[in-house]
Amino acid sequence: MGSQSGRHKVTGSSVLVVFCVAALQQATAETHCAWDTHMSESQESGMNTRRVIDISVTIQTGLPVWEKPGGLGAHRELVERQDQGGIAFVSKLTMVVHTGTHFDAPSHFLQEAFDSGRGIEAIQLSIMNGPAVVVDIPHNTNITGALLKTLPIPPGAERVLFKTSSSARRLMYQTAFESNYTALTEDGADWVVAAGIKFVGIDYMSIATYEQLAPAHQSLMRAVRPPPVLHIMHFIQCHKKAGKTEER
């Protein structure tokens, strides 16, 4: 585990920082065709030209934390130091497992999943990597089922990342928690499940609205039956450059 002057990224069985292998473009039918063409050319040439795009946020003291006005705060302690007689430098991290970019375990909102031991280890790593559709959500609206029907999400899309007004408002860079973020409503979550999407991501702390937190999460997670088929990712970075949307 590495760190740089208090700014560090964490990987492990509980706090999960993700690197998506994808070429992420605007949500059009051409996205998948372009990806297929790119992959065919890559295979024919014998060269792997796919890019690894890091869409995780850096864990630092000012990172916002759920319902906490002061952010993450001090979270790293050196418990062993060479300059104090230790054999190495060893850090101890103290934070909740939903800090920064992370996936939700099926057991997060489902009692039955908790009782059966379906934790973060139930997540399929293969679903986390691959082409994704990035969808711009209109400002001043949550992600409802009615809205999703109007958005250019190609049939058969497996991974969908929502770029919302939370990015424009730079909420992930503000220390204080903001409950008025954009996310899925319960009927929006129902639409995602019905569409057969296996992976959803969003650019703030929760895939579900603050007002419908439990029911929207539960709608998504009840689709996660062994083997898991729908994964939920929070706190991704969204950028838009040169006429296409990318995740970094």
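What you are looking at is a predicted structure, and each value in this text was computed from that prediction instead of being measured. Only this structure's heavy atoms are used, side chains among them; waters, hydrogens and symmetry mates stay out.
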Sequence neighbours excluded, the answer for salt bridge (charged side-chain N to carboxylate O under 4.0 Å, His left out) partners of D83 is R81

When every non-hydrogen atom of Q124 is compared with those of I127, the smallest separation belongs to OE1-CD1, 3.0 Å

From the list D136, D203, N142, side-chain hydrogen bond (donor to acceptor under 3.5 Å, both in side chains) partner of T164 resolves to D203

So the salt bridge (Lys or Arg N to Asp or Glu O under 4.0 Å) pairs with at least one residue in residues 90-103 (sequence neighbours excluded) are none

Sorted by chain and residue number, the side-chain contact (heavy atoms from CB on, under 4.5 Å) partners of Q82 (sequence neighbours excluded) come out as F89

*So do D104 and H217 actually touch side chain to side chain, heavy atoms under 4.5 Å?*
yes

- [ ] Using the side chain to side chain contact (heavy atoms under 4.5 Å, CB included) rule, take I120 and F103 through it: C-alpha gap first, then chi angles, then the decisive distance, then the call.
- [x] CA-CA 8 Å; I120 200 67; F103 279 85; 4.2 Å; yes

Contacts of A146 meeting side-chain contact (heavy atoms from CB on, under 4.5 Å) (sequence neighbours excluded), chain-then-number -> T144

Salt bridge (charged side-chain N to carboxylate O under 4.0 Å, His left out) filter on R169, not counting sequence neighbours, yields E178

Contacts of E112 meeting side-chain contact (heavy atoms from CB on, under 4.5 Å) (sequence neighbours excluded), chain-then-number -> L110, R222

Separation between OG1 (T61) and CG (L72), nearest 0.5 Å, reads 7.5 Å

Closest heavy-atom pair, I197 versus A157, reported as atoms and distance to 0.1 Å, is CG1-O, 3.6 Å

Taken in chain and number order and not counting sequence neighbours, the residues that satisfy side chain to side chain donor-acceptor pair (under 3.5 Å) with S165 are T182

query = Parallel, tilted or perpendicular: which fits the ring planes of Y204 and Y181, with parallel below 30° and perpendicular above 60°?
reply = tilted

Sorted by chain and residue number, the side-chain contact (heavy atoms from CB on, under 4.5 Å) partners of F114 (sequence neighbours excluded) come out as S107, Q111

Closest heavy-atom pair, H75 versus I59, reported as atoms and distance to 0.1 Å, is NE2-CG2, 3.8 Å

In short, salt bridge (Lys or Arg N to Asp or Glu O under 4.0 Å) pairs touching residues 141-155 with sequence neighbours left out are none

Note to self: Does any part of the side chain of T99, heavy atoms only, come nearer than 4.5 Å to the side chain of W66, both counted from C-beta?
What the structure shows: no

Closest non-hydrogen atoms of I123 and P106, given as atom of the first, atom of the second and distance, are CD1-CD, 4.5 Å

d(T175 OG1, L63 CG) to nearest 0.5 Å is 8.5 Å

Could you check whether any side-chain heavy atom of I137 comes within less than 4.5 Å of a side-chain heavy atom of V135, counting everything from C-beta outward? yes

(message) Quick check against the 3.5 Å criterion: does E158 have a side-chain atom that pairs as donor or acceptor with the backbone of A132?
(response) no

Quick note, side-chain hydrogen bond (donor to acceptor under 3.5 Å, both in side chains) partners involving residues 205-215, not counting sequence neighbours, are E67-Y210

Evaluate the criterion side chain to side chain contact (heavy atoms under 4.5 Å, CB included) for residue pair Q218 and F109; output intermediate values, then yes/no. CA-CA 6 Å; Q218 289 165 351; F109 272 94; 4.0 Å; yes

Item to check | Main-chain N/O of G119 paired to E121 side chain as donor or acceptor, under 3.5 Å | outcome: yes

Hits for side chain to side chain donor-acceptor pair (under 3.5 Å) against E77, two or more places apart or cross-chain, chain-then-number order -> none

How far apart are the C-alpha atoms of R159 and V133, what are their side-chain angles, what is the distance that settles it, and do they pass the side chain to side chain contact (heavy atoms under 4.5 Å, CB included) test? CA-CA 6 Å; R159 302 173 190 85; V133 177; over 6 Å; no

Note, V200 side chain near F162 side chain (heavy atom, < 4.5 Å) = yes

Side chains of F199 and L161, heavy atoms from C-beta outward: is any pair under 4.5 Å? yes

Here the pair of heavy atoms bringing V57 nearest to M172 is CG1-SD, 3.4 Å

Quiz item: In terms of hydrophobic clustering (I, L, V, M, F, W, Y; side-chain heavy atoms under 4.5 Å; direct or indirect links), are M233 and L125 co-clustered?
Solution: yes

Q) Is the backbone of G100 close enough, under 3.5 Å, to the side chain of H102 for a donor and an acceptor to pair up by distance? A) yes

Closest non-hydrogen atoms of A176 and P64, given as atom of the first, atom of the second and distance, are O-CB, 4.4 Å

Evaluate the side-chain proximity of I153 to V160: yes if any heavy-atom separation is below 4.5 Å, no if none is.
yes

Do any side-chain atoms of residues 185-194 form donor-acceptor pairs under 3.5 angstrom with protein atoms, and if so which ones, sequence neighbours left out?
unit_1, atom_1, unit_2, atom_2, d
T185, OG1, I143, O, 3.4
T185, OG1, D187, OD1, 2.5
T185, OG1, G188, N, 3.2
D187, OD2, G145, N, 3.1
D190, OD1, S219, OG, 2.4

